[in-house]
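Every chain is numbered from 1, with letters handed out A, B, ... down the list of sequences. Basis for what follows: all heavy atoms, side chains included, without hydrogens, waters or symmetry-related copies.
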Number of protein chains: 2
Amino acid sequence: MASFSNDQLLQEIKSCEDLLTDRIADNMETFGVSSTVGRLLGIIYMNREAMTLDSLADETGMSKTRMSQVMRQMISLNIAEKEYVKGSRKDHYNVERDYAQTFISLFTSNWSEVVKRNTSLERRLREQIRHLETFLTEDSSEDVKVRMERLQQELDEWNAYYNWIDNLVAFFESGEIFNHVPIVSSEQEGGSTK
Amino acid sequence: MASFSNDQLLQEIKSCEDLLTDRIADNMETFGVSSTVGRLLGIIYMNREAMTLDSLADETGMSKTRMSQVMRQMISLNIAEKEYVKGSRKDHYNVERDYAQTFISLFTSNWSEVVKRNTSLERRLREQIRHLETFLTEDSSEDVKVRMERLQQELDEWNAYYNWIDNLVAFFESGEIFNHVPIVSSEQEGGSTK
DNA sequence: AAATCTGTGCAATTTAAACTTTACAAAGTA
DNA sequence: TACTTTGTAAAGTTTAAATTGCACAGATTT
């Protein structure tokens with residue numbers, strides 16, 4: 001078949017990279033964030049150095065405002081950060097370059113929030129139950145007693161579950177997970193041995 | 001203060017249960033599914049026995065069609081199943097009653113899908129690269145060679161990452177995770193010892 | 001066979017999320 | 001001081017997701 005010119009080759013390579021970025025964007029939705037988060041992650045990652053809002057807007061064809069919104073979100077998710085570049089007035093953003101670390105950051109951000117919300121609800125309900133219990137008398141219907149008891153058990157199970165999630169988060173965040181599920185880099189020839 | 005009648009107490013208990021259901025619905029969004037999935041999960045869970053589309057529609061105030069859609073989704077996510085009830089023509093749906101198991105099912109469903117998609121993309125790109133490599137000649141620009149090399153490395157990292165996720169999924173699905181992050185039920189008095 | 005019930009495909013509608021436009025404050029520059 | 005540049009707040013628009021209403025097929029009952 002026809003050969004490729006240098007420029008054509010470059011373009012082909014770029015289109016491979018774009019496929020990767022697209023996939024990152026897709027996959028990121030699994031974390032419950034907009035695919036644009038993943039897209040920016042991919043773009044900055046592939047770019048191999050920090051980027052400005054303008055260059056991101058340029059690359060995605062989206063508005064600078066949106067870039068600002070997304071980068072802020074990414075920072076709050078702990079998967080990006082501003083990087084000071086001397087001589088430039090613009091903010092430069094860089095991303096976590098370790099995939100697994102990104103996974104952990106997102107996992108942690110999401111579930112910590114859930115645990116927090118749950119803990120406060122649990123406290124509230126325990127209090128409410130204690131309050132309601134004071135109104136239980138001998139002539140309270142059997143139904144009420146049973147339901148109350150069940151609610152208690154329910155809360156106990158919840159507590160166990162959210163404690164588990166909390167421990168799970170710690171298990172990831174501390175990196176202990178890697179002791180049991182290690183990352184094995186593939187055995188491609190010329191593979192870099194960090 | 002004023003005392004509570006039996007009915008009032010029941011209502012108060014119900015409203016506690018509703019708060020729990022609401023929270024389940026909220027939390028479920030962390031798995032990237034609609035909160036209605038969580039709401040139905042919560043409702044059926046609290047109901048303590050299988051429910052029909054009609055009773056669900058009744059409970060949520062939503063259309064039966066939507067109930068059907070959501071239940072199907074839940075079944076495909078492995079967190080609900082139809083249950084045969086003799087004497088009834090309606091389908092009855094029940095849900096996984098173990099919180100942690102639900103977590104694992106959702107985690108597994110989501111990430112298995114991601115791994116699968118990625119694997120097929122990786123294969124495609126490896127092939128494309130092998131193809132492009134045949135066009136590399138001595139007069140190919142240095143830039144092209146570097147980019148090509150980088151792309152290779154990129155794919156190696158991807159491969160390592162998705163293998164990790166795949167192992168992670170197995171780690172959860174097999175229940176091995178519980179050996180390292182156990183579920184500890186809280187020490188409430190009268191706590192049931194399964 | 002006619003009548004009813006049940007679940008779901010499909011198009012239409014509503015609601016929520018993503019994204020843009022405009023405007024402006026803060027900080028830098030001339 | 002007046003003029004740019006940069007990031008983002010706020011409100012508006014577009015796009016996508018959630019939800020409904022209608023219709024109908026398949027199964028069940030009368």
Side-chain angles (χ1 to χ4, degrees), chain A residues 21-22 24-44 50-77 80-95 106 110 113, chain B residues 21-22 24-44 50-77 80-95 106 110 113:
Chain A
T21 303
D22 287 350
I24 292 179
D26 267 13
N27 292 347
M28 204 56 73
E29 295 199 44
T30 306
F31 287 112
V33 297
S34 153
S35 72
T36 306
V37 169
R39 171 146 284 115
L40 296 201
L41 179 68
I43 288 173
I44 299 176
M51 292 176 75
T52 66
L53 293 181
D54 284 314
S55 56
L56 286 171
D58 201 44
E59 188 78 24
T60 57
M62 287 182 185
S63 71
K64 191 162 72 152
T65 297
R66 182 62 182 144
M67 299 302 98
S68 170
Q69 294 167 339
V70 171
M71 288 316 304
R72 185 144 34 129
Q73 184 183 356
M74 289 174 73
I75 286 173
S76 88
L77 287 169
E81 55 187 10
K82 288 192 189 181
E83 200 169 80
Y84 177 70
V85 173
K86 83 166 183 181
S88 173
R89 268 161 73 183
K90 305 190 187 209
D91 289 348
H92 288 244
Y93 296 90
N94 216 333
V95 295
L106 289 170
N110 284 337
E113 186 54 35
Chain B
T21 302
D22 288 350
I24 292 179
D26 267 13
N27 292 348
M28 204 57 70
E29 295 199 44
T30 306
F31 288 110
V33 297
S34 153
S35 73
T36 307
V37 169
R39 172 146 283 114
L40 296 201
L41 179 68
I43 288 174
I44 299 177
M51 292 176 75
T52 66
L53 293 180
D54 284 313
S55 55
L56 286 170
D58 200 45
E59 189 77 26
T60 58
M62 288 183 185
S63 70
K64 192 162 70 153
T65 298
R66 182 63 181 144
M67 299 302 96
S68 170
Q69 295 166 339
V70 171
M71 287 316 303
R72 184 143 36 129
Q73 184 183 357
M74 288 174 74
I75 286 173
S76 88
L77 288 169
E81 54 187 11
K82 289 192 188 180
E83 200 170 80
Y84 177 70
V85 172
K86 82 167 182 180
S88 172
R89 269 160 73 181
K90 305 189 187 209
D91 289 348
H92 288 245
Y93 297 90
N94 216 335
V95 295
L106 290 169
N110 284 337
E113 187 54 35

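Side-chain contact check for A:Lys82 versus A:Ile75: some heavy-atom pair is nearer than 4.5 Å. Side-chain contact between B:Asp22 and B:Arg39: present, with at least one pair of heavy atoms (C-beta onward) separated by less than 4.5 Å.
Residue B:Met62 has its side chain nearest to D:dT19 when only D:dT19, D:dT8, C:dC19 are considered.
With hydrogens and angles ignored, the 3.5 Å screen pairs no side-chain donor or acceptor of B:Ser55 with any backbone N or O of B:Met51. Side-chain N or O atoms of B:Asn110 include one that pairs as donor or acceptor with a backbone N or O of B:Phe31 at under 3.5 Å. In this structure a side-chain-to-backbone donor-acceptor pair under 3.5 Å is present from B:Thr60 to B:Leu56.
When rounded to the nearest whole Å, the span between CD of B:Glu29 and C1' of C:dT15 equals 13 Å. For A:Met51 and D:dG7, the CE to P distance is 13 Å, given to the nearest whole Å. As a whole-Å value, the separation of B:Leu56 CG from D:dT19 C1' is 15 Å. Between A:Met28 atom CE and C:dA18 atom C1' the separation is 17 Å, expressed in whole Å. Rounded to whole angstrom, the span from the CZ atom of B:Arg39 across to the P atom of D:dT19 amounts to 9 Å. Atom-to-atom, CD of B:Gln69 to C1' of D:dA18 comes out at 8 Å; the value is rounded to the nearest Å. In this entry the distance linking CE of A:Met67 with C1' of D:dT6 reads 16 Å, nearest Å.
Among the heavy atoms of the strands lying under 4.0 Å from B:Thr36 are primed sugar atoms or P, OP1, OP2 only; no base atom is included. Residue contacts shown for A:Ser63 include a base, since a base heavy atom lies under 4.0 Å away. Residue-level contact check: A:Thr65 touches the bases, meaning some heavy atom is under 4.0 Å from a base atom.
Nearest-nucleotide positions on DNA chain D place A:Ser68 closer to the 5' end than the other of A:Ser68 and B:Arg66. Comparing A:Gly32 and B:Arg72 along DNA chain C, the residue whose closest nucleotide (by nearest heavy atom) sits nearer the 5' end is B:Arg72.
Summarising the geometry of B:Val70 relative to B:Leu40, their closest heavy-atom pair is CG1-CD1, 3.5 Å, with the distance given to 0.1 Å.
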Scan nucleotides 4-6 of chain C against the protein and return all N/O pairs shorter than 3.5 Å with their distances rounded to 0.1 Å.
| unit_1 | atom_1 | unit_2 | atom_2 | d |
| --- | --- | --- | --- | --- |
| C:dC5 | O4' | B:Arg89 | NH2 | 3.2 |
| C:dC5 | O2 | B:Arg89 | NH2 | 3.3 |

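From B:Met28, atom CE reaches atom OG1 of B:Thr36 across 11.5 Å, with rounding to the nearest 0.5 Å.
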